[in-house]
Each structure stands twice: as C-alpha cells, then as structure tokens.
Number of protein chains: 2
Amino acid sequence: MPKNRNISMAVIRRLPKYNRCLRDLLDKEIYRISSKELSGILGFTASQIRQDLNNFGGFGQQGYGYNVEELHHEIQKILGLTKDYNAVVIGVGNLGQAIANHTNFEKHGFKILAMFDINPTLIGLQIRGTPVYDMKELAEFINENKIEIGVITTPKEVAQSVAEELVEAGIKGIWNFAPVDLKVPEDVVVEDVHLNESLFIMSYLIKEQEMLKSLGDQED
Amino acid sequence: MPKNRNISMAVIRRLPKYNRCLRDLLDKEIYRISSKELSGILGFTASQIRQDLNNFGGFGQQGYGYNVEELHHEIQKILGLTKDYNAVVIGVGNLGQAIANHTNFEKHGFKILAMFDINPTLIGLQIRGTPVYDMKELAEFINENKIEIGVITTPKEVAQSVAEELVEAGIKGIWNFAPVDLKVPEDVVVEDVHLNESLFIMSYLIKEQEMLKSLGDQED
DNA sequence: TCAGAATTTTAAAACGACGTGACAAATAAT
DNA sequence: ATTATTTGTCACGTCGTTTTAAAATTCTGA
C-alpha cells in the first residue's frame, strides 16, 4: 500500500538503481536480501535504503529482510514499468538513429514507432525497421498511435519549437537530448539527457583530480 | 584567484548551465549581466547564483553585475575547457558510432581519435573518418596518443573488464554509457550516462502526473 | 518445542548539507 | 552629492541523510 506523500527527487533518482540491483540478484537466483547486503552492493547506506523503500510501503520484514522478487515487482510498479509506452523520435541524426535502434529500450516496454525529420532525403526511408516520416505528420501520428513519449534529438535551434509541437499534440513526456532547457506546461514531463554537461563535469573532475595529484606529489 | 575549498557536487553540476547561458548571452552580444537577470534566464535564485560563483572567486562587481565575457572565461577555466582532451570509444555499436560522429564534442575540445571493438568485421574500418581498431591494441594506443578519456559503449557484460583495461593503461576519466556501476580506483573519474535510468525516471514522473490529473478530475 | 540470542526493519530524532533571505559595503547612475 | 543598483556574506530554514531506539522476526541449541 503506497504511502506516496511527496517523494523527493533524490529518492526517485535512486529507484532505477534499486530496480537494476534487484534484477541482477534475481538473475543470480538470490531471493532474499537485507538492507545491509544491498548497501554493500549499491554503495548507499543501509539506513538510506530502508528509508527510501519505506517511502512507498513496508516491503521488508524484521529479522528477515526483503523478498527480492516481491521488492523488484513493487519497484517496477512504482516506476511505472509494468505498462508499455509508445514513443517517437524527432530528429534523424546520429543520436536519433542510435536511440531508435537501441533494442534495449524495447525490452523495458518503450516502443519507438516512428522517427520524424524535415530532411526530404530521409523522409520515407526505413531505418532498421523504423519508418521516417515528415514532421508535418507528427501531430496526426501521435494522436492515431497513442504516442506518450517524444524523444528530441534535433539541433538545439529547433528543439523548443519541436517541444511545443509535441505538447500541442498531447504528448505526456519529452526525453530531451538537445542542449537547451525546454519550456513546457507543468503537466508535461521533461527528462533531460545533457551529454555536453556530463562531459564538462567529467572535465572538471579530471582537472580537479590532476590538481590533487600534483599537490600530493609536492607534500611527499 | 580560486578559493577552491571543497566545492559541493550540487554546485559543480550547475556550472555547465552557467557556461551555456553565458555563451548564449555572448551570442546575443550581451556583455553585462546581473545575478537577478541570470536568475530570470536560468531559473535559479539570484542568491544561489551569487553564492555559486563566489565559491570560485569574486567575479562580480557591486552596482554593476558580472562581465559576461570574463565570467564565461572563468567558468571555462574552472570546468577545464580551455584545454583539449583526447578520447577513444570502446564498443562500436549504434551508440558508440553516434558519439564518435557527434561533431559537437570536438567543438568543445574533446577529440575522439579511435574506436575499439572485438568484432573482426568492424576492425580495420573507418567510420566517418574514425578508425576502428582491435581491442588488443587499446593499451598501446592510449599510451602513444596521450588518451585521457575512454568512452564505454559496450554491452554491460564486458563494461567492467573494459574499464579495468582502461585504468591499467592509465586513463584519467571514463564516460560510461553501460548500465553498470563501474569499480575503479578513486583517482580515476567516472561519469555515468545511464539512459535506462533516465527513461525509468521519466516513466515514474509520467505515471505520477497521470495520478495527479485523475485526482484533480475527481475533486472538481 | 521452547527460550534466548541474533538479525533486521520501522520510526523517530539528530545531524549535516544546501538553498534562501537579508543586510552591509561597494559601485554606478543621475 | 545623492540615489539606485548590485554584489559578497552570513544567518536562518528546509530538505536529505545518518544515527539511535524500539519492535518484530528468525535462528540456534538443548
């Protein structure tokens, strides 16, 4: 029975980690686990794990721990992974194609039904089974095929206007790979994958590590 | 003059946003900005922006604000973007190819010199200018070409062993796209891009949004 | 089978990190 | 010279994590 009293984003961002960890455990045919053992695997404190899980209900049992199968199922439910999602990709560049062809997403219930672009040489093609349509057909396709998720892999210059088209067509979530902060109504979910930012942060951390190292050398 | 007293990760993750924002301002030929104006653009509070920037030095001037050009340059320095990085991609799948071909990274000083795989049909090919070599040559290539960054786009099963090879060869940072938590020595930087997790979080948020909406309908 | 010890979760309290608000000091504008 | 603007900084409040104490269950050995 979910308690569901305003879960913080910090907790939500850990849920997929729990999910993956539990699936790995099932693969290894481990059917019972304590927060302490999970802590060893995940690197979070046992206490945090217990508190995280307790946000959604008392899935554990004192003196026993957690039933892996049950907990995995619960987290799948919490994450909304027990249903399928239909998606489209906007922008048939390298990244767009890679995502459309990435079979892994389909395994988890995310089906990419079509790609859209404005480039006439691409429109009409099938890229490994996924058709490429004209942007003009986007709204109609979304409505007719119950598309819930739009993936934006366009150049940054057009990302906002694409987002607006998607919103207009009634999309529920936008998976945004363009390096811009999209402005959408608050009932539309945006999840950003900012590769540049990720790379820059790595750059910072490498630089910092170098500094630490050269400092250590001096002090020896 | 950087103060650099243990900057928190929360601050670091905002730095690329400042960087992008400032570049956009320069494009618009805006050379002066206050924290209040930045706040309007970025959505952070003016107070947070001032405090963030102050971690690294007093870049602003009272009564005036910040010089966009200077601030941009400072943040580039902080992020370590004033130098170039050599990188290799391990795993010539859809994603690996997309990243190797993504010209955007090169613009920011990240040069992908080669890709590596174990698939004999790929080895020896050039994929849009980037050569594909045998994994056996990885360590040698890293040493000879001063490679600092390794990008892992392999299947998850081999990601850890690839990481170990990279570490052994003296890599400084790993940009990891495989859905595993890599174990590396603490002087090696790992920056994860977990696409599955990002997608699952979106799934959660969509589900939650739907719940909110149906709740709202009832209460009307 | 039963009692006691060990394990482990739950819940609450303490602690710490982070973000916000307020104010003094400095500069710019008039 | 005076007023308006704006940063730098510190104090406070909020949010997130860790510690602690209590309760429930399992495990052990006779």
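Predicted model, so just to flag it, every value in this text is computed and none were measured. First the proteins, then the strands, lettered A, B, ... as listed; each starts at 1.
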**Message:** Quick check on contacts: within residues 13-24 of chain A, what sits under 4.0 Å from DNA chain C by heavy-atom distance?
**Reply:**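 Residues of residues 13-24 of chain A that come under 4.0 Å of DNA chain C do not exist, since none gets that close.
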
**Message:** Can you list, in residue-number order, the parts of residues 28-47 of chain A that come under 4.0 Å of DNA chain C, counting heavy atoms only?
**Reply:**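 Per residue number, the list reads Ser34(A), Ser35(A).
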
**Request:** May I have all residue pairs that pass side chain to side chain donor-acceptor pair (under 3.5 Å) and include part of residues 78-97 of chain A, sequence neighbours excluded?
**Result:**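 Residue pairs with at least one partner in residues 78-97 of chain A: Lys83(A)-Glu148(A), Tyr85(A)-Ser203(B), Asn94(A)-Arg128(B).
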
**Asked** What pairs of residues pass the side chain to side chain donor-acceptor pair (under 3.5 Å) test when at least one of them lies in residues 152-162 of chain B, not counting sequence neighbours?
**Response**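 Passing the test, one end in residues 152-162 of chain B: Gln160(B)-Glu164(B).
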
**Sorted by number, the residues of residues 60-73 of chain B with heavy-atom contact under 4.0 Å to DNA chain D** =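 Output list: Gly60(B), Gln61(B), Gln62(B), Gly63(B), Tyr64(B), Gly65(B), Tyr66(B).
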
**Side-chain donor-acceptor pair present, Glu106(A), Thr103(A), cut-off under 3.5 Å** =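 Short answer, no.
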
d([atom1], [X]; [atom2], [N]) in whole Å:
{"X": "Leu53(A)", "N": "dT10(C)", "atom1": "CG", "atom2": "P", "value": "8 Å"}
{"X": "Asn6(B)", "N": "dG16(C)", "atom1": "CG", "atom2": "P", "value": "16 Å"}
{"X": "Gln48(B)", "N": "dC10(D)", "atom1": "CD", "atom2": "P", "value": "18 Å"}
{"X": "Asn55(A)", "N": "dA12(C)", "atom1": "CG", "atom2": "P", "value": "13 Å"}
{"X": "Asp52(B)", "N": "dT9(D)", "atom1": "CG", "atom2": "P", "value": "14 Å"}
{"X": "Gln51(B)", "N": "dA11(D)", "atom1": "CD", "atom2": "P", "value": "13 Å"}
{"X": "Phe56(B)", "N": "dT7(D)", "atom1": "CZ", "atom2": "P", "value": "18 Å"}

**Listed partners of His108(B) passing ring-ring contact (aromatic ring centres under 6.0 Å, His included), at least two apart** =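 His108(B) satisfies ring-ring contact (aromatic ring centres under 6.0 Å, His included) with Phe200(A) once adjacent residues are dropped.
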
**Request:** Applying ring-ring contact (aromatic ring centres under 6.0 Å, His included), name anything that partners His72(B), two or more places apart in sequence or on another chain.
**Result:**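 Applying ring-ring contact (aromatic ring centres under 6.0 Å, His included) to His72(B) gives none.
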
Strictly below 4.0 Å: does [X] bring a side-chain N or O up to OP1 or OP2 of [N]?
{"X": "Asn54(A)", "N": "dA11(C)", "answer": "yes"}
{"X": "Ser8(A)", "N": "dG16(D)", "answer": "yes"}
{"X": "Arg50(A)", "N": "dT9(C)", "answer": "yes"}

**Item:** With sequence neighbours excluded, residues passing side-chain hydrogen bond (donor to acceptor under 3.5 Å, both in side chains) with Asn196(A)
**Value:**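 Here no residue qualifies.
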
**Message:** Once side-chain hydrogen bond (donor to acceptor under 3.5 Å, both in side chains) is applied, do any residues pair with Glu197(A), and if so which ones, sequence neighbours excluded?
**Reply:**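 Expected list: Lys17(B), Arg20(B).
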
Using atom types as modelled, flag every donor-acceptor pair under 3.5 Å from a side chain in residues 39-50 of chain A to any protein atom, sequence neighbours excluded.
{"unit_1": "Ser39(A)", "atom_1": "OG", "unit_2": "Phe44(A)", "atom_2": "O", "d": "2.7"}
{"unit_1": "Thr45(A)", "atom_1": "OG1", "unit_2": "Gln48(A)", "atom_2": "N", "d": "3.1"}
{"unit_1": "Arg50(A)", "atom_1": "NH1", "unit_2": "Ser35(A)", "atom_2": "OG", "d": "2.9"}

**Asked** For Asp52(B), does its backbone N or O pair with a side-chain atom of Asn55(B) as donor and acceptor, under 3.5 Å?
**Response**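 Yes, the answer is positive, given that a donor and an acceptor are paired below the 3.5 Å cut-off.
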
Distance-only donor-acceptor pairs under 3.5 Å for side chains of residues 62-70 of chain B, two or more places apart:
{"unit_1": "Asn67(B)", "atom_1": "OD1", "unit_2": "Glu69(B)", "atom_2": "N", "d": "3.0"}
{"unit_1": "Asn67(B)", "atom_1": "OD1", "unit_2": "Glu70(B)", "atom_2": "N", "d": "2.9"}

**Request:** Check side chain to side chain contact (heavy atoms under 4.5 Å, CB included) between Ala87(B) and all other residues, then give those that pass, not counting sequence neighbours.
**Result:**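 So Ala87(B) forms a side chain to side chain contact (heavy atoms under 4.5 Å, CB included) with Ile112(B), Ile149(B).
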
